[in-house]
Protein chains: 2
Amino acid sequence: MTDSQLIFGESLHRLMHAYQRTMREAFRTHAIELSVAQVRVLKCVAGAKAATVHAISQRMDSDRGQVTRAVAQLRERGLVVQRDNTVDRRVPLLAVTPAGRDLLARVLDIQAAAGRRMAHGLAEADVAQFVAIADHMTDGLGNAADG
Amino acid sequence: MTDSQLIFGESLHRLMHAYQRTMREAFRTHAIELSVAQVRVLKCVAGAKAATVHAISQRMDSDRGQVTRAVAQLRERGLVVQRDNTVDRRVPLLAVTPAGRDLLARVLDIQAAAGRRMAHGLAEADVAQFVAIADHMTDGLGNAADG
DNA sequence: CTGTTTTCGTTGACCTAGTCAACGACCTGA
DNA sequence: TCAGGTCGTTGACTAGGTCAACGAAAACAG
């Protein structure tokens with residue numbers, strides 16, 4: 001337990017801050033009028049086979065109400081559609097429209113470019129390990145087992 | 001440029017989210033009535049030799065107004081004091097009170113415990129490398145040089 | 001089948017964080 | 001001395017996140 005613990009939170013905070021700001025700015029310059037949260041939801045809908053508000057909120061580890069609102073905004077823009085679920089009528093199924101898929105492709109390009117800037121000078125293995133450690137840490141926080 | 005780029009932002013987001021929530025919850029259970037932002041500022045004031053709003057906002061990479069407000073709250077709680085600066089009267093100098101230092105010590109313990117949970121199962125070198133990569137990435141985003 | 005409980009999406013109210021623009025006080029340098 | 005810049009402060013605004021409640025619908029116990 002050295003100083004690395006002491007500055008850990010600060011490094012994380014600054015990186016997150018820089019990342020969010022970079023994304024927002026890039027979206028603005030590319031005329032993509034989506035918030036970071038909307039993009040996250042859009043990605044989840046596109047990636048899931050049976051996308052529901054509940055499933056998305058779990059995968060994103062965020063509030064259901066938050067997801068509901070983001071989905072509503074995406075639907076207003078015609079990027080996502082709901083269709084009735086014959087199996088469970090409480091839970092409409094979400095799907096990405098072609099327009100949503102096009103926009104998402106552009107977003108992924110932008111994020112990849114930002115990722116390239118962030119990873120500049122790092123080996124790909126380093127980046128992969130970074131992601132692995134991040135996920136490991138998230139798991140460690142989620143399972144609230146005191147050490 | 002593999003899939004690691006695609007999920008990078010998501011991993012970062014989830015980790016940050018889990019970290020912030022863990023901190024907030026721990027502060028609540030330990031009856032430390034400070035927001036995460038206030039703690040960050042308190043740490044900065046404690047760590048800097050000549051703490052000013054400007055210096056803190058630069059080190060935290062955040063808005064001056066935000067720092068001003070956080071400092072005001074810390075002063076209301078008697079954790080930080082301002083004293084006049086004879087050299088430049090625009091810029092009062094900030095200092096942590098003994099009460100602030102005590103509270104900060106408790107906060108650091110809590111953060112260290114959270115850090116232990118996050119780092120559980122990881123070698124210390126991994127954590128150090130994680131921080132190093134995070135800082136590197138933050139720098140890469142800050143200097144907006146396209147690659 | 002009936003009543004209870006649970007799950008799910010939705011909504012409202014609220015809080016923290018971050019952004020942007022302005023202002024007065026003050027320093028700096030011509 | 002005075003024009004321009006810096007600093008702290010304030011107000012208004014947006015985004016993100018939290019919590020509690022509600023109605024609809026499923027799941028379950030009897």
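In what follows, every chain begins at residue 1, and chains take the letters A, B, ... in the order their sequences are listed. Reckoned from all heavy atoms, side chains included, excluding hydrogens, waters and symmetry mates.
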A.B. asks: Any donor-acceptor pair under 3.5 Å linking the side chain of Arg77(A) with the backbone of Glu33(A)?
C.D. replies: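 Yes: the side chain of Arg77(A) pairs with the backbone of Glu33(A).
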A.B. asks: Please report the closest heavy-atom contact between Ala114(B) and Thr22(B), naming both atoms and the distance.
C.D. replies: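 What the structure gives for the nearest pair is CB-CG2, 4.2 Å.
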A.B. asks: For a quick test of reading the model, state the closest non-hydrogen atom pair linking Ala99(B) to Gly78(B) and the distance between them.
C.D. replies: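 In terms of heavy atoms, the two residues are closest at CB-O, 4.0 Å.
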A.B. asks: Assess the residue pair Val127(A) and Met118(A) against the criterion (side-chain contact (heavy atoms from CB on, under 4.5 Å)); give the C-alpha distance rounded to whole Å, side-chain angles, the decisive distance to 0.1 Å, and a yes or no.
C.D. replies: CA-CA 9 Å; Val127(A) 178; Met118(A) 295 169 78; over 6 Å; no
A.B. asks: Among dC19(D), dG16(D), dG9(C), which is the nearest nucleotide to the side chain of Arg28(B)?
C.D. replies: dC19(D)
A.B. asks: Can you sort out which residues in residues 59-77 of chain A have a heavy atom within less than 4.0 Å of DNA chain C? Ascending by number, please.
C.D. replies: Arg64(A), Gly65(A), Thr68(A), Arg69(A)
A.B. asks: Starting at CG of Leu15(B), measure out to CD of Gln20(B) and round the result to the nearest 0.5 Å.
C.D. replies: 10.5 Å
A.B. asks: What do the steps show when you test Leu34(B) against Leu79(B) for side-chain contact (heavy atoms from CB on, under 4.5 Å), and what is the final call?
C.D. replies: CA-CA 11 Å; Leu34(B) 289 177; Leu79(B) 305 174; 4.0 Å; yes
A.B. asks: Could you state the CG-P distance from Leu93(A) to dC8(C), rounded to the nearest angstrom?
C.D. replies: 13 Å
A.B. asks: Testing Leu103(A), Leu42(A), Asp102(A) for side-chain contact (heavy atoms from CB on, under 4.5 Å) with Val96(A), which one passes?
C.D. replies: Leu42(A)
A.B. asks: Between the protein and nucleotides 25-27 of chain C, which nitrogen or oxygen pairs come in under 3.5 angstrom?
C.D. replies:
unit_1  : atom_1 : unit_2   : atom_2 : d
dC27(C) : OP1    : Arg89(B) : N      : 2.9

A.B. asks: Find the distance Asp84(A):CG to dG9(C):P and express it as a whole number of Å.
C.D. replies: 13 Å
A.B. asks: Heavy atoms from C-beta onward define the side chain here; which of dT19(C), dA15(D), dG9(C) lies closest to that of Arg21(A)?
C.D. replies: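 The closest nucleotide is dT19(C).
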A.B. asks: What is the separation between atom CG on Leu94(A) and atom C1' on dT10(C), rounded to the nearest whole Å?
C.D. replies: 13 Å
A.B. asks: Report the nucleotide, chosen from dT18(D), dC8(C), dG8(D), that has the shortest atom-to-atom distance to any side-chain atom of His54(A).
C.D. replies: dC8(C)
A.B. asks: Throw together a table of side-chain donor-acceptor distances under 3.5 angstrom for residues 23-30 of chain A, partners on residues two or more places apart or in other chains.
C.D. replies:
unit_1   : atom_1 : unit_2   : atom_2 : d
Thr29(A) : OG1    : Glu25(A) : O      : 3.4
Thr29(A) : OG1    : Ala26(A) : O      : 3.0
His30(A) : ND1    : Ala26(A) : O      : 2.9

A.B. asks: Going by the rule ring pair (Phe, Tyr, Trp, His ring centres under 6.0 Å), which residues pair with Phe130(B) if we only count those two or more places apart in sequence or in a different chain?
C.D. replies: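 Ring pair (Phe, Tyr, Trp, His ring centres under 6.0 Å) check on Phe130(B) returns Phe8(A), Phe130(A).
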A.B. asks: Sequence neighbours left out, what pairs pass salt bridge (Lys or Arg N to Asp or Glu O under 4.0 Å) with at least one residue falling in residues 50-74 of chain B?
C.D. replies: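 Listed once each, the pairs are Arg21(A)-Asp61(B).
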A.B. asks: If we ignore hydrogens and angles and just use 3.5 Å, is the side chain of His136(B) paired with the main-chain N or O of His120(A) as donor and acceptor?
C.D. replies: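 The answer is yes, because a donor-acceptor pair under 3.5 Å joins these two groups.
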A.B. asks: Between dA15(D) atom P and Glu25(A) atom CD, what is the distance in whole Å?
C.D. replies: 16 Å
A.B. asks: Taking atom P of dC8(C) as reference, at what distance in whole Å does atom CD of Gln82(A) sit?
C.D. replies: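 That distance rounds to 16 Å.
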A.B. asks: Rounded to the nearest Å, what distance is computed from the CD atom of residue Gln38(A) to the P atom of nucleotide dT14(D)?
C.D. replies: 14 Å
A.B. asks: More 5' along DNA chain D: Arg24(B) or Ala55(B), using each one's nearest nucleotide?
C.D. replies: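 The residue whose closest nucleotide sits nearer the 5' end is Ala55(B).
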A.B. asks: Which of residues 12-20 of chain A sit near DNA chain C, with a heavy atom under 4.0 Å from it?
C.D. replies: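 Here the set is His13(A), His17(A).
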A.B. asks: Can you find a side chain N or O atom of Ser35(A) that sits less than 4.0 Å from OP1 or OP2 on dG16(D)?
C.D. replies: yes
